[in-house]
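A quick note: this is a predicted structure, and the numbers were derived from the prediction, not measured. Residue numbers begin at 1 in each chain, while the letters A, B, ... track the order of the sequences.
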Protein chains: 2
Amino acid sequence: MIDEADRRILRHLLADPALTTAELAERAGVTAATCWRRIEKLTDAGVIRSRQAVIDWRRLGYEVEVSLRFTLDKTNPRAFDEFLAAAREVPEVIGIETFLGRVDVRLNVIARDMVHYQQIYRERILTLPHIADIEALMLISTIKDSAGVPL
Amino acid sequence: MIDEADRRILRHLLADPALTTAELAERAGVTAATCWRRIEKLTDAGVIRSRQAVIDWRRLGYEVEVSLRFTLDKTNPRAFDEFLAAAREVPEVIGIETFLGRVDVRLNVIARDMVHYQQIYRERILTLPHIADIEALMLISTIKDSAGVPL
DNA sequence: ATGGGATGCGCAAGGTGATTGCATGGCCGC
DNA sequence: GCGGCCATGCAATCACCTTGCGCATCCCAT
(Lines give C-alpha, C1' and ligand atoms only; values in the text may rest on other atoms or scores of the structure.)
Protein backbone atom coordinates (compact mmCIF):
# COMPACT_ATOMS: atom_id res chain seq x y z
CA MET A 1 0.00 0.00 0.00
CA ILE A 2 1.53 3.31 -1.11
CA ASP A 3 1.43 6.07 1.44
CA GLU A 4 2.54 9.71 1.52
CA ALA A 5 6.12 8.90 2.47
CA ASP A 6 6.38 6.51 -0.49
CA ARG A 7 5.07 9.22 -2.81
CA ARG A 8 7.65 11.70 -1.57
CA ILE A 9 10.40 9.14 -2.06
CA LEU A 10 9.24 8.35 -5.60
CA ARG A 11 8.83 12.01 -6.47
CA HIS A 12 12.37 12.91 -5.42
CA LEU A 13 13.79 9.73 -6.93
CA LEU A 14 12.28 10.62 -10.30
CA ALA A 15 13.30 14.24 -10.01
CA ASP A 16 16.92 13.43 -9.20
CA PRO A 17 17.93 9.80 -9.70
CA ALA A 18 21.55 10.47 -8.75
CA LEU A 19 20.72 11.16 -5.10
CA THR A 20 22.21 8.79 -2.52
CA THR A 21 19.83 7.01 -0.22
CA ALA A 22 20.81 9.40 2.57
CA GLU A 23 20.08 12.47 0.45
CA LEU A 24 16.79 11.04 -0.74
CA ALA A 25 15.86 10.21 2.85
CA GLU A 26 16.54 13.77 3.97
CA ARG A 27 14.33 15.19 1.22
CA ALA A 28 11.59 12.67 1.87
CA GLY A 29 11.63 13.31 5.62
CA VAL A 30 12.61 9.83 6.81
CA THR A 31 15.86 8.20 7.93
CA ALA A 32 18.16 6.52 5.46
CA ALA A 33 17.31 3.08 6.85
CA THR A 34 13.59 3.64 6.43
CA CYS A 35 14.12 5.12 2.97
CA TRP A 36 16.14 2.14 1.89
CA ARG A 37 13.55 -0.31 3.27
CA ARG A 38 10.72 1.47 1.50
CA ILE A 39 12.58 1.55 -1.80
CA GLU A 40 13.27 -2.15 -1.34
CA LYS A 41 9.56 -2.81 -0.80
CA LEU A 42 8.58 -0.64 -3.77
CA THR A 43 11.05 -2.59 -5.90
CA ASP A 44 9.84 -5.96 -4.61
CA ALA A 45 6.26 -4.89 -5.32
CA GLY A 46 7.21 -4.01 -8.88
CA VAL A 47 6.47 -0.30 -8.55
CA ILE A 48 10.11 0.47 -9.23
CA ARG A 49 10.95 -1.87 -12.05
CA SER A 50 14.60 -1.02 -12.58
CA ARG A 51 17.18 1.70 -12.79
CA GLN A 52 18.02 2.11 -16.42
CA ALA A 53 21.00 3.97 -17.78
CA VAL A 54 19.84 6.67 -20.17
CA ILE A 55 22.17 6.75 -23.18
CA ASP A 56 22.67 9.70 -25.50
CA TRP A 57 22.90 7.78 -28.75
CA ARG A 58 23.97 10.88 -30.64
CA ARG A 59 27.19 10.93 -28.68
CA LEU A 60 27.79 7.37 -29.79
CA GLY A 61 27.47 8.44 -33.41
CA TYR A 62 23.81 7.63 -33.93
CA GLU A 63 22.60 11.01 -35.12
CA VAL A 64 19.20 9.89 -36.39
CA GLU A 65 16.31 8.53 -34.37
CA VAL A 66 13.05 7.64 -36.05
CA SER A 67 9.73 6.57 -34.64
CA LEU A 68 8.06 4.02 -36.94
CA ARG A 69 4.39 3.15 -36.66
CA PHE A 70 3.14 -0.13 -38.08
CA THR A 71 -0.25 -1.46 -38.94
CA LEU A 72 -0.05 -5.21 -39.30
CA ASP A 73 -1.88 -7.70 -41.49
CA LYS A 74 -4.75 -8.69 -39.23
CA THR A 75 -5.80 -11.69 -41.28
CA ASN A 76 -2.89 -13.74 -39.93
CA PRO A 77 -3.36 -14.49 -36.20
CA ARG A 78 0.37 -14.96 -35.70
CA ALA A 79 1.29 -11.70 -37.41
CA PHE A 80 1.79 -9.88 -34.17
CA ASP A 81 4.11 -12.37 -32.49
CA GLU A 82 6.14 -12.97 -35.65
CA PHE A 83 6.54 -9.27 -36.22
CA LEU A 84 7.70 -8.64 -32.63
CA ALA A 85 10.11 -11.55 -32.72
CA ALA A 86 11.64 -10.30 -35.95
CA ALA A 87 11.76 -6.69 -34.76
CA ARG A 88 13.69 -7.77 -31.67
CA GLU A 89 16.43 -9.15 -33.91
CA VAL A 90 17.20 -5.75 -35.42
CA PRO A 91 20.01 -4.17 -33.38
CA GLU A 92 19.05 -0.64 -34.33
CA VAL A 93 15.59 -1.09 -32.84
CA ILE A 94 15.94 0.37 -29.34
CA GLY A 95 12.31 0.53 -28.32
CA ILE A 96 9.13 -1.44 -29.02
CA GLU A 97 5.63 -0.49 -27.92
CA THR A 98 2.29 -2.05 -28.74
CA PHE A 99 -1.01 -0.20 -28.98
CA LEU A 100 -4.75 -0.60 -29.13
CA GLY A 101 -6.20 1.28 -32.06
CA ARG A 102 -5.40 2.18 -35.60
CA VAL A 103 -1.70 1.50 -35.10
CA ASP A 104 -0.44 -1.82 -33.73
CA VAL A 105 3.26 -1.38 -32.99
CA ARG A 106 5.74 1.43 -32.68
CA LEU A 107 9.47 0.94 -33.09
CA ASN A 108 12.15 3.42 -32.21
CA VAL A 109 15.08 3.05 -34.57
CA ILE A 110 18.48 4.70 -34.46
CA ALA A 111 20.97 5.14 -37.28
CA ARG A 112 24.32 6.84 -37.83
CA ASP A 113 22.99 9.13 -40.55
CA MET A 114 20.26 9.30 -43.18
CA VAL A 115 22.18 7.03 -45.54
CA HIS A 116 22.51 4.43 -42.78
CA TYR A 117 18.83 4.90 -41.92
CA GLN A 118 17.80 4.29 -45.54
CA GLN A 119 19.84 1.10 -45.50
CA ILE A 120 18.29 -0.11 -42.26
CA TYR A 121 14.84 0.83 -43.55
CA ARG A 122 15.25 -1.07 -46.81
CA GLU A 123 17.11 -4.11 -45.49
CA ARG A 124 15.75 -4.62 -41.99
CA ILE A 125 12.49 -2.74 -41.57
CA LEU A 126 10.65 -3.30 -44.83
CA THR A 127 11.53 -7.00 -44.60
CA LEU A 128 9.76 -7.43 -41.26
CA PRO A 129 6.79 -9.79 -41.69
CA HIS A 130 3.10 -8.89 -41.96
CA ILE A 131 3.42 -5.15 -42.47
CA ALA A 132 0.20 -3.64 -43.83
CA ASP A 133 1.12 0.00 -43.37
CA ILE A 134 4.07 1.96 -42.07
CA GLU A 135 4.71 5.58 -41.15
CA ALA A 136 7.94 7.23 -40.07
CA LEU A 137 8.53 10.30 -37.93
CA MET A 138 11.98 11.65 -37.27
CA LEU A 139 12.56 12.41 -33.61
CA ILE A 140 13.90 15.88 -32.94
CA SER A 141 14.12 15.83 -29.18
CA THR A 142 12.95 13.97 -26.12
CA ILE A 143 11.75 16.10 -23.28
CA LYS A 144 11.18 14.13 -20.13
CA ASP A 145 9.91 16.16 -17.30
CA SER A 146 9.40 13.79 -14.39
CA ALA A 147 9.29 16.51 -11.74
CA GLY A 148 5.64 17.17 -12.39
CA VAL A 149 4.57 13.53 -12.32
CA PRO A 150 1.26 12.70 -10.61
CA LEU A 151 2.60 11.49 -7.29
CA MET B 1 36.76 8.39 -27.93
CA ILE B 2 34.73 5.20 -27.45
CA ASP B 3 36.70 1.98 -27.72
CA GLU B 4 35.83 -1.70 -27.52
CA ALA B 5 36.06 -1.84 -23.72
CA ASP B 6 33.62 1.09 -23.47
CA ARG B 7 31.20 -0.71 -25.78
CA ARG B 8 31.33 -3.86 -23.68
CA ILE B 9 30.70 -1.83 -20.53
CA LEU B 10 27.73 -0.04 -22.11
CA ARG B 11 26.31 -3.24 -23.53
CA HIS B 12 26.35 -5.01 -20.17
CA LEU B 13 25.15 -1.90 -18.35
CA LEU B 14 22.11 -1.69 -20.62
CA ALA B 15 21.49 -5.41 -20.43
CA ASP B 16 21.57 -5.50 -16.63
CA PRO B 17 21.52 -2.11 -14.92
CA ALA B 18 21.46 -3.65 -11.45
CA LEU B 19 25.02 -4.99 -11.75
CA THR B 20 27.56 -3.59 -9.29
CA THR B 21 30.65 -1.98 -10.73
CA ALA B 22 32.64 -5.07 -9.81
CA GLU B 23 30.21 -7.40 -11.61
CA LEU B 24 30.12 -5.14 -14.64
CA ALA B 25 33.92 -5.01 -14.68
CA GLU B 26 34.16 -8.79 -14.64
CA ARG B 27 31.79 -9.11 -17.59
CA ALA B 28 33.53 -6.33 -19.50
CA GLY B 29 36.97 -7.81 -18.90
CA VAL B 30 38.53 -4.96 -16.92
CA THR B 31 39.10 -4.30 -13.23
CA ALA B 32 36.56 -2.51 -11.10
CA ALA B 33 38.74 0.59 -10.86
CA THR B 34 39.09 0.83 -14.62
CA CYS B 35 35.39 0.14 -15.11
CA TRP B 36 34.45 2.84 -12.68
CA ARG B 37 36.82 5.36 -14.35
CA ARG B 38 35.44 4.60 -17.79
CA ILE B 39 31.85 4.95 -16.63
CA GLU B 40 32.83 8.24 -15.03
CA LYS B 41 34.31 9.44 -18.32
CA LEU B 42 31.29 8.25 -20.31
CA THR B 43 29.06 10.14 -17.88
CA ASP B 44 31.20 13.29 -18.01
CA ALA B 45 31.16 13.10 -21.81
CA GLY B 46 27.37 12.91 -21.76
CA VAL B 47 27.16 9.44 -23.29
CA ILE B 48 25.53 8.16 -20.10
CA ARG B 49 23.05 10.89 -19.26
CA SER B 50 21.57 9.49 -16.08
CA ARG B 51 20.27 6.44 -14.31
CA GLN B 52 16.53 6.75 -14.30
CA ALA B 53 14.17 4.74 -12.15
CA VAL B 54 11.64 2.95 -14.33
CA ILE B 55 8.23 3.15 -12.69
CA ASP B 56 5.34 0.78 -13.31
CA TRP B 57 2.54 3.33 -13.25
CA ARG B 58 -0.09 0.61 -13.29
CA ARG B 59 1.05 -0.50 -9.86
CA LEU B 60 0.50 3.04 -8.69
CA GLY B 61 -3.07 2.92 -9.88
CA TYR B 62 -2.59 4.49 -13.29
CA GLU B 63 -4.08 1.75 -15.44
CA VAL B 64 -4.31 3.76 -18.65
CA GLU B 65 -1.46 5.10 -20.73
CA VAL B 66 -2.15 6.95 -23.96
CA SER B 67 0.15 8.26 -26.62
CA LEU B 68 -1.19 11.52 -28.06
CA ARG B 69 0.08 12.96 -31.32
CA PHE B 70 -0.38 16.65 -32.04
CA THR B 71 -0.19 18.74 -35.14
CA LEU B 72 0.12 22.36 -34.18
CA ASP B 73 -1.08 25.59 -35.76
CA LYS B 74 1.94 26.53 -37.87
CA THR B 75 0.80 30.08 -38.55
CA ASN B 76 1.79 31.18 -35.06
CA PRO B 77 5.60 31.15 -34.65
CA ARG B 78 5.31 30.79 -30.87
CA ALA B 79 2.84 27.91 -31.05
CA PHE B 80 5.48 25.31 -30.39
CA ASP B 81 7.00 26.89 -27.30
CA GLU B 82 3.64 27.82 -25.81
CA PHE B 83 2.32 24.32 -26.36
CA LEU B 84 5.35 22.70 -24.74
CA ALA B 85 5.28 25.07 -21.78
CA ALA B 86 1.60 24.33 -21.19
CA ALA B 87 2.04 20.58 -21.68
CA ARG B 88 4.76 20.54 -19.03
CA GLU B 89 2.25 21.88 -16.51
CA VAL B 90 0.00 18.84 -16.84
CA PRO B 91 1.01 16.35 -14.11
CA GLU B 92 -0.35 13.36 -16.01
CA VAL B 93 1.97 14.08 -18.94
CA ILE B 94 4.95 11.82 -18.29
CA GLY B 95 6.73 12.11 -21.61
CA ILE B 96 7.15 14.71 -24.32
CA GLU B 97 8.82 14.20 -27.68
CA THR B 98 9.09 16.49 -30.68
CA PHE B 99 9.28 15.38 -34.29
CA LEU B 100 10.09 16.49 -37.79
CA GLY B 101 7.27 15.61 -40.13
CA ARG B 102 3.53 15.44 -40.24
CA VAL B 103 3.27 15.29 -36.45
CA ASP B 104 4.91 17.91 -34.25
CA VAL B 105 4.69 16.64 -30.69
CA ARG B 106 3.90 13.45 -28.90
CA LEU B 107 2.75 13.33 -25.29
CA ASN B 108 2.52 10.27 -23.14
CA VAL B 109 -0.35 10.62 -20.69
CA ILE B 110 -1.34 8.39 -17.79
CA ALA B 111 -4.70 8.17 -16.03
CA ARG B 112 -6.29 6.05 -13.33
CA ASP B 113 -9.02 4.74 -15.63
CA MET B 114 -10.96 5.68 -18.75
CA VAL B 115 -13.20 8.04 -16.83
CA HIS B 116 -10.17 9.84 -15.43
CA TYR B 117 -8.58 9.87 -18.88
CA GLN B 118 -11.67 11.47 -20.40
CA GLN B 119 -11.52 14.13 -17.73
CA ILE B 120 -7.84 14.84 -18.33
CA TYR B 121 -8.47 14.85 -22.08
CA ARG B 122 -11.32 17.37 -21.85
CA GLU B 123 -9.92 19.61 -19.14
CA ARG B 124 -6.17 19.54 -19.68
CA ILE B 125 -5.36 18.25 -23.15
CA LEU B 126 -7.96 19.89 -25.38
CA THR B 127 -7.25 23.20 -23.66
CA LEU B 128 -3.57 23.15 -24.63
CA PRO B 129 -2.86 26.04 -27.03
CA HIS B 130 -2.45 25.92 -30.82
CA ILE B 131 -3.71 22.40 -31.46
CA ALA B 132 -4.55 21.87 -35.12
CA ASP B 133 -4.98 18.11 -34.99
CA ILE B 134 -4.79 15.40 -32.38
CA GLU B 135 -4.73 11.61 -32.40
CA ALA B 136 -4.73 9.18 -29.49
CA LEU B 137 -3.38 5.67 -29.24
CA MET B 138 -3.80 3.58 -26.12
CA LEU B 139 -0.58 1.90 -25.06
CA ILE B 140 -0.89 -1.81 -24.43
CA SER B 141 2.67 -2.66 -23.49
CA THR B 142 6.21 -1.38 -23.62
CA ILE B 143 8.81 -3.83 -24.73
CA LYS B 144 12.31 -2.57 -24.25
CA ASP B 145 14.93 -4.92 -25.45
CA SER B 146 18.28 -3.24 -24.88
CA ALA B 147 20.31 -6.42 -25.10
CA GLY B 148 20.43 -6.19 -28.87
CA VAL B 149 21.41 -2.53 -29.01
CA PRO B 150 23.97 -1.53 -31.69
CA LEU B 151 27.06 -1.40 -29.56
C1' DA C 1 67.33 5.21 -31.55
C1' DT C 2 66.35 7.19 -27.27
C1' DG C 3 64.21 9.77 -23.79
C1' DG C 4 60.42 12.18 -21.91
C1' DG C 5 55.65 12.98 -21.35
C1' DA C 6 51.01 11.51 -21.35
C1' DT C 7 47.63 8.17 -20.65
C1' DG C 8 45.51 4.21 -18.82
C1' DC C 9 46.04 0.22 -16.24
C1' DG C 10 45.85 -2.98 -11.83
C1' DC C 11 46.40 -3.24 -6.99
C1' DA C 12 45.33 -2.00 -2.58
C1' DA C 13 43.75 1.05 0.76
C1' DG C 14 40.66 4.44 2.43
C1' DG C 15 36.21 6.46 2.32
C1' DT C 16 31.39 6.42 1.52
C1' DG C 17 27.10 4.49 1.07
C1' DA C 18 24.12 0.53 1.72
C1' DT C 19 22.27 -2.82 4.66
C1' DT C 20 21.06 -5.07 8.93
C1' DG C 21 20.39 -6.04 13.96
C1' DC C 22 18.32 -4.29 17.93
C1' DA C 23 15.36 -1.68 20.78
C1' DT C 24 11.32 1.11 20.94
C1' DG C 25 6.84 2.99 20.00
C1' DG C 26 2.36 2.90 17.95
C1' DC C 27 -1.63 0.60 16.44
C1' DC C 28 -4.96 -2.95 16.32
C1' DG C 29 -7.43 -6.94 17.80
C1' DC C 30 -8.95 -9.82 21.45
C1' DG D 1 -5.34 -3.92 29.42
C1' DC D 2 -2.30 -6.81 27.03
C1' DG D 3 -0.03 -9.07 23.38
C1' DG D 4 1.35 -9.27 18.70
C1' DC D 5 2.68 -7.11 14.59
C1' DC D 6 4.70 -3.61 11.98
C1' DA D 7 7.49 0.26 11.08
C1' DT D 8 10.73 3.24 12.86
C1' DG D 9 15.45 5.36 14.30
C1' DC D 10 19.99 4.45 15.81
C1' DA D 11 24.23 2.51 15.36
C1' DA D 12 27.16 -0.94 13.73
C1' DT D 13 28.69 -3.76 10.07
C1' DC D 14 29.28 -4.87 5.46
C1' DA D 15 29.76 -3.97 0.71
C1' DC D 16 30.87 -1.14 -2.76
C1' DC D 17 32.89 3.06 -4.60
C1' DT D 18 36.69 5.98 -5.19
C1' DT D 19 41.42 7.32 -5.11
C1' DG D 20 46.54 7.17 -4.62
C1' DC D 21 50.50 4.94 -6.29
C1' DG D 22 53.51 2.51 -9.19
C1' DC D 23 54.08 0.50 -13.61
C1' DA D 24 53.62 -0.25 -18.56
C1' DT D 25 52.71 1.28 -23.07
C1' DC D 26 52.47 4.46 -26.69
C1' DC D 27 53.57 8.53 -29.08
C1' DC D 28 56.28 12.38 -30.25
C1' DA D 29 60.33 15.15 -30.47
C1' DT D 30 65.19 15.37 -30.74
Would you mind reading off the distance between [X] atom [atom1] and [N] atom [atom2], rounded to a whole angstrom?
X: A:Arg51; N: C:dG17; atom1: CZ; atom2: C1'; value: 13 Å
X: A:Glu40; N: C:dT20; atom1: CD; atom2: P; value: 7 Å
X: B:Asp6; N: C:dG8; atom1: CG; atom2: P; value: 10 Å
X: B:Glu26; N: D:dC17; atom1: CD; atom2: P; value: 13 Å
X: A:Ile39; N: D:dT8; atom1: CD1; atom2: C1'; value: 16 Å
X: B:Ile9; N: C:dC9; atom1: CD1; atom2: C1'; value: 12 Å
X: B:Arg37; N: D:dC17; atom1: CZ; atom2: C1'; value: 12 Å
X: B:Lys41; N: D:dC17; atom1: NZ; atom2: P; value: 19 Å

Practice item. Return the minimal non-hydrogen interatomic distance between B:Leu13 and A:Ala53, and the atom names on each side. Key: CD2-CB, 3.9 Å
Review point. Any idea which heavy atoms bring A:Pro129 and A:Glu82 closest together, and the distance?
Key: CG-O, 3.7 Å
Exercise for review: Scan B:Ala33 against the nucleic acid and name what it touches under 4.0 Å (heavy atoms): base, sugar-phosphate only, or nothing.
Suggested key: base
Review point. Is A:Arg38 near enough to D:dT8 that one of its side-chain N or O atoms lies under 4.0 angstrom from OP1 or OP2?
Key: yes
Review point. Should B:Thr21 be listed as having a side-chain N or O under 4.0 Å from OP1 or OP2 of D:dC16?
Key: no
Practice item. Hey, could you give me the CD/OG distance between B:Glu97 and B:Ser67, rounded to the nearest 0.5 Å? Key: 8.0 Å
Review point. Are B:Arg106 and B:Thr98 linked by a side-chain donor-acceptor pair shorter than 3.5 Å?
Key: no
Revision key, fill the gap. Of C:dG17, C:dG10, D:dC10, the nucleotide closest to the side chain of B:Thr34 is C:dG10
